[in-house]
Amino acid sequence: MQKYKPEKIEKKWQDYWEEQGIYKTSDDGENSVVKDGVKKEKFYLLDMFPYPSGDGLHMGHTEEYVATDIYARYLRMNQKNVLYPTGWDAFGLPTENYAIKTGVHPKIVTKKHTDNFRRQLKSLGVSYDWSREIDSSSPEYYKWTQWFFLLLYKNNLAYKKKAKVNWCESCQTVLANEQAEGGICERCKKEVAQKDLEQWFFKITDFADDLINGLDQVDWPSSTVTNQRNWIGRSEGTMVRFEIALAPQGRTSSVASSSSRNDLFPQALEVFTTRVDTLFSCSFLILAPDNLLVETITTDEHKKEVEKYVQETRKKTNLERTDLQKDKKGVFTGAYAINPANNEKIPIWISDFVLADYGTGAVFADAHDERDFEFAQKYNIPLKVSIRPQDDELWQKVKNLEECFSGDGILINSEQFDGLTSSEARTKITDWLIENNLGDKKINYKLRDWLISRQRYWGAPIPVVYDPEGTAHPIPEKYLPWLLPTDVEFKPTGVSPLAKSKEFFERTEKIFGKGWTPEIDTMDTFVCSSWYYFRFADPKNDKEFAGAEAIKQWLPIDMYVGGAEHTVLHLMYARFFTKVLHKLGLINFNEPFTKLHHQGTILAEDGRKMSKSLGNVINPDDVVKQFGTDTLRLHIMFLGSFEDKKPWSSKTILGPRRFLEKVWQLFEKISDDYKDKQKDNETLLHKTIKKVSEDIQSLDYNTAISAMMILVSDMEKRGGVSKNAYSTLLQLLAPFAPHISEELWNQLGNTNSIFLQKWPKYDETKIKITNVTIVIQINGKVRDRIIIPIDIEEKEIIKIALACPIIQNFVGTKKIQRTIYIKNKLINIVI
RNA sequence: GCCGAAGUGGCGGAAUUGGUAGACGCGCACGACUCAAAAUCGUGUCUCGCAAGAGGUGAGGGUUCGAUUCCCUCCUUCGGCACCA
């Protein structure tokens, strides 16, 4: 037999599997029916489809796809009908930037990159069903992305409004949040400002509660569930109405002189709070500078100062505005409000630590909030307390306003509510406010509607046109796909590149009439990735985004795998789309991803992140070339637990390679002339079948590999192995190292692929052991071990244990206080 | 600051309804083979100790016959959110 040379066998079997259609999923027919007529159980296994970057596949991809591939192969060998597809999340900014730099069209760049990704994936032996490949930048795909936009629009879930966006003055373009991290433009390193623009939004906030409730039904990592909950940020509280006290000498000229303004003058202002128990100590109100009420309520006397402050905050960048270190500044408006709890007249201030777009853009302030406390001290606003902490020492300080107490406690200075606990008071005060028409229960969310407009080229055009009056009209479905024009300049000019397309505008006028113009923004690429998992069920359908039957057969996804870094947004958006479809009665489930796993990051050998700038990136292609695909697959799974981050090691990869060499060498030692039954260690073999099967199901691939290593070492030591036992070993190894397993399987004389075999079953009777090692402890310390037949009773064990010389030494004449016996495990003698 | 995850040999990591800590792999040491080296094989490898034994899973306490595992306090690292009233 020749030496193990992976480069000679791997390509061969990859081609063979593809020719034989081993990975192909069929919706019906042979593949989904077992011989006896029983329908195979479906399993939809999905990787987050990759963005095909110019760097090619990195180690994180490799880890993820090899892990799911092992799972897919295991499922198929267990007679599951598996849908395991992939495709390309191909729209996006890096490709567009590359086009700007080089002048090469993004379509050509994308083709180049996806070709490379596909080649790499195939060389890793990943068993995707390539007949279902999708590309989100192809018209066949984005036709349906646009269809989804129209669906949302028709159901009042898509709307246009003015919104603040990140604007880089130097680049003359809008930036995505990721490009404006820390308020600095990624490209020119200059500060990013806020700018108001008309933008399209999806009404994801309508589904806030559904998105929270659904989290109870899914089997996801708890940290991801928590992150989603925090992101939605549901908080229950109370809306309190404060009457505005008209200051008679105040707003004379500008407000009073304008009669229309006078009519509009607000009677009351609403404030959201989760701490209504502190209402009696409320000493002032603070509004966000961009709250629309600011202009109306400010008195002439304070007008100048307020305007100056508002101007200043408008100029601030995001970075400055959220800088916590800076102390809180604000100005008095001259206006007053009435505290509904005690009818006290309290001043209204403005400050930019109050956010305009959360709650009502106004807060009530008191001594029981750190920020309010600090603010009041700075501007000498008188405070009082209404919550008494348990701790007396703390109470002395709080009472004298030396320290802020923001926890729950007992109410004081709160009239009929005195003596209640904070949580009791929150209910009772709210009820009282409702009875007196002074407030309401209210639930607030941090979640905002999803801004999907992008002033970019490489994305799906928003299917909207404007009539000559500027009113938006959805494009009728029959004109989809609403094609992305090709006659554009990529160089950033401050407007969407589509604005420069002659063809695009001519097309619009031709179809809709003179003076009609197209929407020139494209959609956020997250829109494309919010529904792609439906498309795999029916990727060639040109009548629907996916046929109802196909959806029914395959969805929801049984296991979804991808990195933990972008999952809050992507998973949220994808769940939102599913919930929309469910609400509209188009599907009968409301969570798309039943089970979710995140792979841990593969760090560089030095423990840092792999990055081009650090020069510590390992390219999977190089590893395949040097060691072979099977070794790479085994090694990356053997590095550690799938969900933990772990450093790459170019040294320890020798271990898995040696292991495969041993498996290869072992072929020479197959002998059916031996009395195989005696030769094989059947207990170990069946234990290994059990261990590997269980570990694959829980993605504990590292320990599964370790179990196979133990089995192979044992076979080696015995100097021979039966063909049966060796065949079983190859079957266990096949999902992990498919090429070598298929090769050796073939050399055994099998004509069928190993992947058409049934997964080995273990025999419970062969695992059953007759002798066990019992640990003898004295006072909880291990002193000796004895091997005895299984299931011996305690009395018997004590007798045997006490007969051991070592134990006798320890016990001597001391009295035995008690003994603890754990059957077939240990005996602990307490003296 | 808040939320979450994690801290185990020289290194990557095993082990949890509380029951033999360090599986498996790398590295290292010694031995075999070799003119030699590589490769391969064998033996050993938590620390201290000749040994008997003692100590040991980030630190300190607690519960228990027994704690890497459960509880409390603290430290460190990583990830996410970041003035959300």
Describe the nucleic acid contact of A:Lys662 in one word from base, sugar-phosphate, nothing, applying a heavy-atom distance below 4.0 Å. sugar-phosphate
With a 4.0 Å cut-off on heavy atoms, is A:Leu639 in touch with a base, just the backbone sugar-phosphate, or nothing at all? sugar-phosphate
Which one is paired to B:A82, where only Watson-Crick or G-U wobble pairs with both distances under 3.5 angstrom count? none
Considering every strand and a 4.0 Å limit on heavy-atom distances, what is the contact class for A:Arg658: base, sugar-phosphate, or nothing? sugar-phosphate
Does a side-chain N or O of A:Arg371 approach OP1 or OP2 of B:C84 to a distance below 4.0 Å, or not? yes
Can you tell me, in whole Å, how much space there is between the C1' of B:U20 and that of B:C72? 29 Å
Is any N or O donor-acceptor pair between the side chain of A:Glu370 and the base of B:G1 shorter than 3.5 Å? no
If we take the C1' atom in both B:G9 and B:U68, what is their distance in whole Å? 14 Å
Heavy atoms only, 4.0 Å cut-off, all strands: where does A:Thr224 land among base, sugar-phosphate and nothing? nothing
Determine if the base of B:G9 is syn or anti; take syn to mean the glycosidic torsion is within 90° of 0. syn
Distance flag, aromatic centroids of A:Tyr379 and A:Trp349, threshold under 6.0 Å: yes
Checking N1-N3 plus N6-O4 or O6-N4 for Watson-Crick, or N1-O2 and O6-N3 for wobble, each under 3.5 Å, the partner of B:U43 is B:A29
Taking atom C1' in both B:A38 and B:A32, compute the distance separating them and give it to the nearest angstrom. 16 Å
Does the gap between the ring centers of A:His598 and A:Trp220 come in under 6.0 Å? no
What's the gap between B:G60 and B:G13 when it is taken at their C1' atoms, as a whole Å value? 27 Å
Can you tell me how far C1' in B:U34 sits from the matching atom in B:A39, rounded to whole Å? 11 Å
Using a strict 4.0 Å threshold on nitrogen-to-oxygen distance, state whether A:Lys690 and A:Asp695 make a salt bridge. no
Which of B:A14, B:A85, B:G19 is nearest the side chain of A:Ser641? It is B:A14
Which of the following nucleotides, B:C24, B:A85, B:G19, is nearest to the side chain of A:Leu355? B:A85
Suppose we define a pair by two distances each less than 3.5 Å, Watson-Crick or G-U wobble; what does B:G7 pair with here? B:C75
Between A:Lys691 and A:Thr703, is there a side-chain heavy-atom distance shorter than 4.5 Å? yes
Applying a 4.0 Å non-hydrogen cut-off, can you work out what A:Ser649 is touching in the nucleic acid: base, sugar-phosphate, or nothing? nothing
Give A:Pro221 one of three labels, base, sugar-phosphate or nothing, depending on what nucleic acid heavy atoms sit under 4.0 Å from its own. nothing
With a 4.0 Å cut-off on heavy atoms, is A:Gln777 in touch with a base, just the backbone sugar-phosphate, or nothing at all? base
Strand partner of B:A14, provided both Watson-Crick or wobble distances fall under 3.5 Å: none
Residue from A:Ile429, A:Thr274, A:Leu438, A:Thr430 passing side chain to side chain contact (heavy atoms under 4.5 Å, CB included) with A:Thr238: A:Thr430
Checking all strands, does A:Asp357 fall into the base, sugar-phosphate, or nothing category for heavy-atom contacts under 4.0 angstrom? nothing
Any side-chain N or O of A:Asn227 below 4.0 angstrom from OP1/OP2 of B:G4? no
Could you check which of B:C41, B:G66, B:C84 has an atom nearest any side-chain atom of A:Asn828? B:G66
Base, sugar-phosphate, or nothing: which does A:Lys646 touch, judged by heavy atoms less than 4.0 Å apart? sugar-phosphate
Same-atom distance (C1') from B:A51 to B:G58, integer angstrom: 33 Å
Answer yes or no: is there an ion pair linking A:Arg229 with A:Asp216, defined by an N-O contact shorter than 4.0 Å? yes
Considering only side-chain heavy atoms of A:Phe353, which listed nucleotide, B:G13, B:C84, B:C83, is closest? B:C83
Mind checking if A:Ser223 touches a base, just sugar-phosphate, or nothing, with heavy atoms under 4.0 Å? sugar-phosphate
